[in-house]
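Notes for the one structure printed next.
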Amino acid sequence: MTGREIIHKIKEKVGLSSSDTGRGKSKMSKHITHGYHMVEGKSHHTMEDYVFAQFKQVDDNELGLFAIFDGHLSHEIPDYLRSHLFNNILNEPNFWVEPESAIRRAYRITDSTILDKATDLGKGGSTAVTAILINGQKLVVANVGDSRAVIFKNGVAKQLSIDHEPDRERKIIEDRGGFVSNFPGDVPRVDGQLAVARAFGDKSLKMHLSSEPDVVVELIDDDTEFLILASDGVWKVLSNQEAADCIKNIKDARSAAKHLNEQALAKGSTDDISCVVVRFQ
């Protein structure tokens, strides 16, 4: 038995198996539910994906708070994001008036704090995709990196986030003094190292790397069926439409998230995989 297998056995005995799952539902809109599922990948490092999924009452309003944080060379930074990012967003004084600008500012503040705490949090960084559902009617999605948000309406999967790939942002990176490598057999990387053009942390690359999120607002209507948030362990092997089609008939959100991850594994994904599904019907 390998050392990694022994660790897995120990985790299982104390209730910390290599997968994690959960579910919840809205109190304001009983038909809105969420479920999540996580699976540790086959790489030889500690799980670096983290999920946040909960409904939160704020005065007379209800917020659905959902996120995927996918670390690289770090599990401390995505864990820090899970604990602090939404608090920073909701503490912005203009959140209820201008949620998009509040989210942008909170992302910047959070990244600055992570960089200031680099001695404690260590090297590396994390991507993030966050979704805030306001009173079951307005969805505000933001992201840095390549974790992705996809919404399913009328049988069609639509990507709400933007994959921040180095090739797509080459000019911005070069204007900052960096470069994008294109080594044969490898993906494009910032300064020959990082395969995403935006992320939290990564202090050694921050001169050439942005943490500015893309933000989009989507209104939830009667045609909206569900939302998927997932790390790139899903999107490396499944298209948006393939992912949506494989869970469209699964009404339980947690079962849908688990099935989507199983499909990614069946397609050969070896990365850590995390997924949140929010069902609106």
Side-chain angles (χ1 to χ4, degrees), residues 11 16 18-22 24 34 36-41 43 45-56 58 63-93 95 99 102-132 140-149 161 164 190 193-215 229-233 271-276:
K11 285 181 177 181
L16 295 173
S18 58
S19 65
D20 189 17
T21 187
H34 74 74
Y36 68 87
H37 188 260
M38 304 169 64
V39 179
E40 188 173 336
S43 53
H45 58 67
T46 304
M47 178 74 160
E48 293 178 332
D49 277 15
Y50 286 83
V51 165
F52 192 100
Q54 68 174 230
F55 288 99
K56 180 182 180 69
V58 182
L63 298 177
L65 305 174
F66 310 104
I68 300 289
F69 304 112
D70 182 359
H72 41 268
L73 300 178
S74 173
H75 61 88
E76 292 90 351
I77 292 174
D79 192 22
Y80 180 88
L81 287 167
R82 178 179 60 174
S83 301
H84 294 83
L85 183 55
F86 280 123
N87 285 337
N88 290 346
I89 291 172
L90 299 183
N91 285 333
E92 283 292 310
F95 171 76
I103 290 169
R104 292 182 190 280
R105 177 172 164 78
Y107 265 60
R108 288 194 294 268
I109 290 172
T110 305
D111 189 48
S112 295
T113 304
I114 288 171
L115 296 175
D116 290 342
K117 293 178 177 288
T119 302
D120 298 321
L121 295 176
K123 65 178 182 178
S126 178
T127 69
V129 59
T130 59
I132 300 179
V140 188
V141 171
N143 82 294
V144 293
D146 55 3
S147 291
R148 191 179 297 176
S161 57
H164 295 133
V190 177
Q193 300 178 55
L194 190 62
V196 289
R198 303 189 197 186
F200 287 98
D202 294 296
K203 189 170 185 176
S204 65
L205 297 173
K206 190 54 69 173
M207 288 286 291
H208 310 148
L209 192 70
S210 173
S211 61
E212 183 71 18
D214 277 295
V215 184
L229 302 182
S231 60
D232 66 332
D271 200 354
D272 295 336
I273 306 174
S274 51
C275 172
V276 179

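Residue indices begin at 1 and follow the sequence shown.
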Separation between [atom1] of [X] and [atom2] of [Y], rounded to the nearest 0.5 Å:
{"X": "Gln193", "Y": "Leu209", "atom1": "CD", "atom2": "CG", "result": "10.5 Å"}
{"X": "Ile273", "Y": "Asp232", "atom1": "CD1", "atom2": "CG", "result": "9.5 Å"}
{"X": "Met38", "Y": "Asp49", "atom1": "CE", "atom2": "CG", "result": "5.5 Å"}
{"X": "Asn88", "Y": "Thr113", "atom1": "CG", "atom2": "OG1", "result": "6.5 Å"}
{"X": "His164", "Y": "Ser210", "atom1": "NE2", "atom2": "OG", "result": "7.5 Å"}

List the atom of [X], the atom of [Y], and the distance in Å for their closest heavy-atom pair.
{"X": "Gly145", "Y": "Asn143", "answer": "O-ND2, 3.3 Å"}
{"X": "Pro78", "Y": "Phe69", "answer": "CB-CB, 3.8 Å"}
{"X": "Ala67", "Y": "Leu229", "answer": "N-CD1, 3.8 Å"}
{"X": "Ala142", "Y": "Val215", "answer": "CB-CG2, 4.0 Å"}
{"X": "Ser274", "Y": "Ile68", "answer": "OG-CG2, 3.3 Å"}
{"X": "Ile77", "Y": "Gly125", "answer": "CD1-CA, 3.8 Å"}

Exercise for the section: Kindly say whether the aromatic ring centers of Tyr107 and Phe200 come within a distance under 6.0 Å. Expected result: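 Yes; Phe200 has its ring centre under 6.0 Å from that of Tyr107.
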Exercise for the section: Look at the side chain of Lys206 and the backbone N and O of Gly201, then say whether any donor-acceptor pair between them is shorter than 3.5 Å. Expected result: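 Yes, the answer is positive, given that a donor and an acceptor are paired below the 3.5 Å cut-off.
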Practice task
May I ask you to decide if Asp70's main-chain N or O and Glu48's side chain share a donor-acceptor pair within less than 3.5 Å?
Solution key: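 Not confirmed, Glu48 side chain does not pair with Asp70 backbone.
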Practice task
Tell me, with the steps shown, if Ile114 and Leu81 meet side-chain contact (heavy atoms from CB on, under 4.5 Å).
Solution key: CA-CA 9 Å; Ile114 288 171; Leu81 287 167; 3.8 Å; yes
Practice task
Walk me through it: do His72 and Leu194 pass the test side-chain contact (heavy atoms from CB on, under 4.5 Å)?
Solution key: CA-CA 9 Å; His72 41 268; Leu194 190 62; 3.4 Å; yes
[Y]/[X] salt bridge by N-O under 4.0 Å criterion:
{"X": "Asp79", "Y": "Arg82", "result": "yes"}
{"X": "Glu212", "Y": "Arg104", "result": "yes"}
{"X": "Asp214", "Y": "Arg198", "result": "yes"}

Problem - Evaluation steps, side-chain contact (heavy atoms from CB on, under 4.5 Å), between Asp272 and Val39 - result: CA-CA 6 Å; Asp272 295 336; Val39 179; over 6 Å; no
Problem - For Glu92, all residues meeting side chain to side chain donor-acceptor pair (under 3.5 Å), sequence neighbours excluded - result: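 Partners of Glu92 by the side chain to side chain donor-acceptor pair (under 3.5 Å) criterion, ordered by chain and then number, come out as Arg105.
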Handout entry: Side-chain touch Ile89/Thr110, heavy atoms, less than 4.5 angstrom
Key =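 They are not in side-chain contact.
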Exercise for the section: Flag the pair His37 / Cys275 as yes when at least one side-chain heavy-atom distance between them is below 4.5 Å, and no otherwise. Expected result: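 No; the side chains remain at least 4.5 Å from each other.
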Handout entry: Partners passing ring-ring contact (aromatic ring centres under 6.0 Å, His included) against Phe52 (at least two apart in sequence or in another chain)
Key =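 Partners of Phe52 by the ring-ring contact (aromatic ring centres under 6.0 Å, His included) criterion, ordered by chain and then number, come out as Phe86.
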Practice task
Could you tell me whether the side chains of Asp111 and Ser211 share a donor-acceptor contact shorter than 3.5 Å?
Solution key: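 Ser211 and Asp111 do have a side-chain donor-acceptor pair below 3.5 Å.
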Practice task
Check the surroundings of atom NZ in Lys117: do more than 12 heavy atoms from other residues, nucleotides or ligands lie under 6.0 Å from it?
Solution key: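 Count not over threshold, so no.
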Problem - Residue among Asp20, Val276, Thr21 satisfying side chain to side chain contact (heavy atoms under 4.5 Å, CB included) with Val51 - result: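 Among the candidates, only Val276 passes.
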Exercise for the section: Might you work through the side-chain contact (heavy atoms from CB on, under 4.5 Å) test for Leu85 and Tyr80, ending with a clear yes or no? Expected result: CA-CA 8 Å; Leu85 183 55; Tyr80 180 88; over 6 Å; no
Practice task
For the pair Phe66 and His34, name the ring-plane relationship: parallel under 30°, tilted 30 to 60°, perpendicular over 60°.
Solution key: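 Answer is perpendicular, since the angle exceeds 60°.
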